[in-house]
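Working notes for the structure below.
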Amino acid sequence: RKREAGRVGPFADLETLESAIDFMREYVRISEAWLACEQSLNIRYESLLSDYDTEAARLLPFLGLRAADPTAQAVIDKYRPEQGRSEQKGTHFVKGQTGRYREKFTPEQQQLCIEAFGDYLERMQYPIP
């Protein structure tokens with residue numbers, strides 16, 4: 001869509017699923033490096049959508065903040081996924097949808113992604129079809 005609109009960006013040059021898979025391999029490598037770091041907190045996107053309060057409660061002590069802190073609570077409330085406000089642009093809560101790949105990818109394309117990222121997805125506790 002970006003390319004069709006004449007916009008540039010990291011995804012605009014991706015024309016095939018294979019090029020997107022190659023592109024995402026670097027992001028997976030970066031993710032794995034961060035997850036190996038003791039100072040990182042792993043929170044899955046789907047968990048933010050399905051149980052935001054629990055994930056926010058995990059995040060606060062990790063950041064050294066208290067739930068009773070009005071400023072911290074204001075930020076948590078502002079970025080609730082159900083808000084979906086335009087000022088959240090860039091947070092992925094505006095358009096991100098759990099499982100959308102099932103609608104957009106053919107079974108063959110899904111299999112290519114499983115072959116490329118299945119081990120990583122299992123480590124992240126995603127069910128592999």
Task: Partners passing side-chain hydrogen bond (donor to acceptor under 3.5 Å, both in side chains) against Thr16 (at least two apart in sequence or in another chain) - done: Ser19
Open item on the list: For residues 17-28, which residue pairs pass the salt bridge (charged side-chain N to carboxylate O under 4.0 Å, His left out) check, not counting sequence neighbours?
Closed with: Asp22-Arg25, Glu26-Arg29
Task: Closest non-hydrogen atom pair between Ile128 and Gly118, with its separation - done: CD1-O, 3.9 Å
- [ ] Verify the cluster assignment for Ile30 and Leu121: are they in a single hydrophobic cluster under the rule of side-chain heavy atoms below 4.5 Å apart?
- [x] no
Open item on the list: Hydrophobic cluster membership, with links at side-chain heavy-atom distances under 4.5 Å among I/L/V/M/F/W/Y: are Tyr101 and Phe23 in one?
Closed with: yes
TODO: Could you pull out all residues at least two apart from Thr54 that satisfy side-chain hydrogen bond (donor to acceptor under 3.5 Å, both in side chains)?
DONE: Asp51
TODO: Quick one: which residue pairs count as a salt bridge (charged side-chain N to carboxylate O under 4.0 Å, His left out) with a foot in residues 55-68, not counting sequence neighbours?
DONE: Glu55-Arg58
TODO: Any chance you could measure Leu63, atom CG, to Leu41, atom CG, to the nearest 0.5 Å?
DONE: 8.0 Å
Show which side-chain atoms of residues 109-117 pair as donor or acceptor with protein atoms under 3.5 Å away, not counting sequence neighbours.
unit_1, atom_1, unit_2, atom_2, d
Gln109, OE1, Thr106, N, 2.8
Gln110, NE2, Phe105, O, 3.1
Gln111, NE2, Glu115, OE2, 3.4

Open item on the list: With a 4.5 Å cut-off on side-chain heavy-atom distances among I, L, V, M, F, W and Y, is there a chain of contacts connecting Tyr79 to Phe62?
Closed with: yes
Open item on the list: side chain to side chain contact (heavy atoms under 4.5 Å, CB included) for Ile76 and Arg80? Distances and angles first, verdict last.
Closed with: CA-CA 6 Å; Ile76 288 170; Arg80 290 185 174 283; 4.3 Å; yes
Task: Nearest heavy atoms of Leu35 and Ser40, plus distance in Å - done: CA-OG, 3.8 Å
TODO: Would you list the pairs meeting salt bridge (charged side-chain N to carboxylate O under 4.0 Å, His left out) in which at least one residue belongs to residues 38-49, sequence neighbours left out?
DONE: none
Open item on the list: So, taking the atom named CG in Leu14 and the one named CE in Met24, what distance separates them when rounded to the nearest 0.5 Å?
Closed with: 9.5 Å
